[in-house]
Undergrad: 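One structure follows; several queries about it will come next.
Reckoned from all heavy atoms, side chains included, excluding hydrogens, waters and symmetry mates.
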Amino acid sequence: MTELSSADPLLNGLNPQQREAVEYRGPALLIVAGAGSGKTSVLTRRIASLIRGREAWPSQILAITFTNKAAAEMRERAEQMLGAATEGMWISTFHSSCVRILRREAENFGFTKAFTIYDSHDSRTLIKRLIKETEADTYGLSVSGVAGKISRLKNELTDVDSYSRNANVNDPTEVKFLEIFRGYTRALQAANAFDFDDLIAQTVFLFRAFPHVADHYRKQFRHVMVDEYQDTNHAQYALIHELTRECADGTPGGSLTVVGDSDQSIYAFRGADIRNISEFERDFKGAHVVMLEQNYRSTQTILSAANSVISNNFDRKDKKLWTDVGDGDLIVGFTGYSAHDEAQFVVDEISALHAQGMGYNEMAVFYRTNSQTRALEEIFIRSALPYRILGGTKFYERAEIKDVLGYLVTIANPADSLAVRRILNTPKRGIGPATETGLQNYADTNQITLREALRSADSLGLGPKVSGAIAKLSGLIDEATALAESGPVADVLTRILEETGYVDLLRATRDPQDEARAENVEELLAVTKEFDKNNPEGTLIDFLTEVSLVAAADELDDASGTVSLMTLHTAKGLEYNAVFITGVEEELLPHRMSAGEPGGPAEERRLFYVGITRARKRLFVSLAMSRAQFGQTNVAMPSRYLQEIPTELIEWRQSPGMANGRDGYQSRALNARGSRYDGGFGSGELGGWGSTEGGWNSLEASPKPKTEWANRVTNKIRDNGDLELVAGDRISHADFGEGTVNQITGEGAKRVAHVKFDSAGAKKLLIKIAPIEKL
DNA sequence: TGAGGCTTGGTTTTT
DNA sequence: CCAAGCCTCA
């Protein structure tokens with residue numbers, strides 16, 4: 001081991017803990033990296049110091065991240081330090097590392113290196129067909145239920161055989177599920193395809209089944225580093241274990257460095273197991289732990305709020321983020337009357353910050369659920385503020401893109417019948433479901449693939465028109481396959497588009513959205529050209545791999561000059577000068593679905609924590625008093641997490657407890673220590689929030705909301721609380737006039753009156769807040 | 001084969 | 001309320 005002098009530029013500007021994280025040498029190292037503590041910098045410097053100190057060759061480094069973006073960032077930073085010496089390093093995501101290994105080793109276990117990667121949509125399509133075939137829906141099995149269960153099992157490394165060994169054969173539903181699981185596994189194998197979860201799980205199975213193969217990679221990767229370790233699921237954990245295990249010939253496993261922050265674990269619902277990090281020291285005996293607590297991102301005010309919130313999670317290693325940049329501004333809180341009112345606040349503050357010189361791309365708005373974008377978008381558009389929404393429908397998930405990719409997949413992997421089915425009648429060429437079934441049956445009886453069956457269309461006794469169409473399609477595939485042998489991907493795609501007329505057909509329709517679809521396809525063509533340019537040696541398979549594993553078409557370009565809107569989940573790993581966290585309400589944050597689950601509220605708290613710690617300088621938290629959801633307007637309660645921010649750190653523009661505009665007034669109830677809010681929709685009571693002046697109840701005295709948008713929702717929010725209504729009652733509504741109650745549904749605060757109005761028709765009203773009177 | 005009506009379900013989702 | 005998917009009918 002080479003001693004690094006303290007003048008080493010690699011250690012410049014590092015604090016003692018960071019330095020230790022770079023310099024420590026041993027079999028296992030856990031870097032507990034709080035938000036904004038410079039972990040990427042530490043990780044890349046650690047790599048650089050291994051190379052510079054001649055402790056490792058580049059090819060012995062394996063650095064694993066979860067996202068392409070994180071991998072790209074790490075590679076870029078490593079290149080800045082090491083230049084060409086980074087060549088040969090594996091710096092990539094879990095999934096692409098596994099694909100790389102699987103492509104090399106696929107022939108060991110019944111796949112070819114041309115295998116397809118099924119995304120979750122492909123999986124569902126397949127499962128849907130299996131459910132239909134086995135009539136499993138009559139057993140209460142749904143596509144999403146089965147897909148979710150299969151995914152969970154794979155993440156736990158349970159394959160069909162081990163599942164069947166423990167299955168309860170007396171439970172017909174379980175037997176049915178097993179049948180589908182088996183069919184699904186067979187179909188993937190027959191199609192020479194892996195789903196996302198397989199990529200990890202099959203690599204683990206490969207290593208376990210072929211120790212000499214595993215040894216090869218163990219000997220290659222002497223230094224394994226894993227980022228965001230708190231988000232690893234069991235399969236990923238096992239993969240890391242397998243990679244760093246001792247070889248059969250006694251060669252010790254490589255050194256393992258993991259970086260993570262259990263306070264930022266927000267993917268438990270996807271199988272991430274927080275114990276992987278919290279029990280790291282138990283798993284890897286002699287592991288060394290370094291804690292990075294100094295934060296280089298946020299003001300002390302923001303960090304104090306974050307610390308205070310997260311400290312409410314028990315069962316965590318205590319750590320306190322701190323900074324030496326000073327307190328900065330107070331957090332600003334706002335309570336809107338409605339989601340639109342809240343959005344108006346966000347927009348107003350963004351305009352003000354922009355007027356003070358902050359760029360739009362330095363600001364971001366976070367929310368818990370995608371459906372919250374609607375109100376925000378409306379106000380952003382109306383205010384002409386530039387914005388973009390991250391996440392949402394991904395480019396490669398669009399139907400038109402998947403159609404076109406179906407051709408490329410068919411060419412690259414002829415065994416993939418799912419892809420063949422997709423393109424069979426796309427664009428329309430008269431090959432209907434009956435023909436498809438006929439072809440599939442023919443393929444099954446003759447033990448050939450669907451692709452091969454297309455060549456025998458003549459012997460199927462189909463009409464001349466259909467046979468001709470199949471022959472033409474088959475010819476096109478052959479032709480394009482030949483082209484793909486040597487030619488660039490763009491040429492293959494161009495030929496397909498020409499022969500099928502796909503884009504022209506889209507342009508010819510009257511649906512205005514088809515123009516956008518045509519543009520998307522042309523965008524894809526541009527992507528292939530770009531790929532060809534960047535990868536002169538790249539094959540069609542390489543292209544498809546990249547496409548499958550790149551999520552959103554790299555949405556991040558920070559120079560765009562727009563405000564970014566995204567979910568709290570998407571926000572992880574990002575940072576902005578100003579951050580708005582919206583919808584900080586019970587039922588939303590924590591979300592109603594997770595509030596009852598074990599560990600749910602704690603994970604939601606971490607989500608809030610992640611949101612808070614994204615902010616560098618300014619943090620805004622906002623909520624609405626009423627929120628429309630599923631067509632109904634519900635009373636919303638401030639989130640329990642709001643109370644966990646110390647009073648003195650928030651300046652309320654309009655506080656939840658008292659929104660009547662008296663300057664300087666702050667709800668004592670809101671920030672009072674120990675006054676735990678435990679009410680909810682079902683409780684029928686307002687809980688601890690209203691103790692000063694009745695919480696939401698006092699709102700009738702409020703001044704009119706400042707935005708005209710608020711008028712869209714009734715601004716006379718009142719509390720009819722215990723107003724008793726029964727079917728047959730006559731009522732009067734402020735907007736709809738008089739009517740008769742037909743029935744009452746729901747309970748407590750959620751009681752809904754179904755009213756037939758004399759002139760306004762039938763309406764459903766939330767009794768608690770509707771502006772109604774019993775006549 | 002496509003349009004339109006009906007049902008259903010509606011957290012989050014790095015790959 | 002509202003989007004996606006399914007079914008039905010011309």
Undergrad: Who passes side chain to side chain donor-acceptor pair (under 3.5 Å) against A:R517, sequence neighbours left out?
TA: A:Q513, A:D514
Undergrad: So, using side chain to side chain donor-acceptor pair (under 3.5 Å) as the criterion, who are the partners of A:S371 when residues are at least two apart?
TA: A:T369
Undergrad: Provide, to the nearest angstrom, the distance between the CD1 atom belonging to A:I131 and the P atom belonging to C:dG5.
TA: 15 Å
Undergrad: Think A:R374 has a side-chain N or O under 4.0 angstrom from the OP1 or OP2 of C:dC1?
TA: no
Undergrad: Starting from P on B:dT14, measure out to CG on A:L574 and report it in whole angstrom.
TA: 12 Å
Undergrad: Touch check for A:D231, heavy atoms < 4.0 angstrom, all strands: base, sugar-phosphate only, or nothing?
TA: base
Undergrad: Compile the donor-acceptor pairs under 3.5 Å between side chains in residues 94-102 of chain A and protein atoms, sequence neighbours left out, one pair per line.
TA:
from: A:S96; atom 1: OG; to: A:T93; atom 2: N; distance (Å): 3.4
from: A:S96; atom 1: OG; to: A:T93; atom 2: OG1; distance (Å): 2.6
from: A:S97; atom 1: OG; to: A:S92; atom 2: OG; distance (Å): 2.7
from: A:S97; atom 1: OG; to: A:T93; atom 2: O; distance (Å): 2.8

Undergrad: Which residues pass the side chain to side chain donor-acceptor pair (under 3.5 Å) test with A:N425, not counting sequence neighbours?
TA: none
Undergrad: Between the main-chain N or O of A:G583 and the side-chain N or O of A:E342, is there a donor-acceptor pair closer than 3.5 Å?
TA: yes
Undergrad: What distance, rounded to whole Å, do you find between the two P atoms, one in C:dG5 and one in B:dT12?
TA: 16 Å
Undergrad: Could you check whether A:R606 gets within reach of a base, just the sugar-phosphate, or nothing at all, counting any heavy atom under 4.0 Å?
TA: nothing
Undergrad: Quickly work out the A:R627 CZ to C:dC1 C1' distance and round it to whole Å.
TA: 15 Å
Undergrad: For nucleotides 5-13 of chain B, list the nitrogen or oxygen atoms of the protein found under 3.5 Å from its nitrogen or oxygen atoms, one pair per line.
TA:
from: B:dT11; atom 1: O4'; to: A:H591; atom 2: NE2; distance (Å): 3.3
from: B:dT12; atom 1: OP1; to: A:N370; atom 2: N; distance (Å): 3.0
from: B:dT12; atom 1: OP1; to: A:N370; atom 2: OD1; distance (Å): 3.1
from: B:dT12; atom 1: O4'; to: A:R368; atom 2: NH2; distance (Å): 3.0
from: B:dT12; atom 1: N1; to: A:R368; atom 2: NH2; distance (Å): 3.4
from: B:dT12; atom 1: O2; to: A:R368; atom 2: NH2; distance (Å): 2.4
from: B:dT12; atom 1: O2; to: A:H569; atom 2: NE2; distance (Å): 3.4
from: B:dT13; atom 1: OP1; to: A:T567; atom 2: OG1; distance (Å): 2.8
from: B:dT13; atom 1: OP1; to: A:T570; atom 2: OG1; distance (Å): 3.3
from: B:dT13; atom 1: OP2; to: A:N370; atom 2: OD1; distance (Å): 3.3
from: B:dT13; atom 1: O2; to: A:R270; atom 2: NE; distance (Å): 2.6

Undergrad: Quick one: salt bridge (Lys or Arg N to Asp or Glu O under 4.0 Å) partners of A:E377, sequence neighbours excluded?
TA: none
Undergrad: Could you measure the distance from the CG atom of A:N192 to the CG atom of A:D416? Nearest 0.5 Å is fine.
TA: 8.0 Å
Undergrad: Quick one: which residue pairs count as a salt bridge (charged side-chain N to carboxylate O under 4.0 Å, His left out) with a foot in residues 233-243 of chain A, not counting sequence neighbours?
TA: A:R208-A:E242, A:R218-A:E242, A:E242-A:R245
Undergrad: Restricting to salt bridge (Lys or Arg N to Asp or Glu O under 4.0 Å), what partner residues turn up for A:R297, sequence neighbours left out?
TA: A:E575
Undergrad: Want to settle it: does A:K572 or A:G432 sit nearer the 5' end of DNA chain B, counting the closest nucleotide to each?
TA: A:G432
Undergrad: Please write out each protein N/O paired with an N/O of nucleotides 6-10 of chain C under 3.5 Å, distance rounded to 0.1 Å.
TA:
from: C:dC6; atom 1: OP1; to: A:K128; atom 2: NZ; distance (Å): 3.3

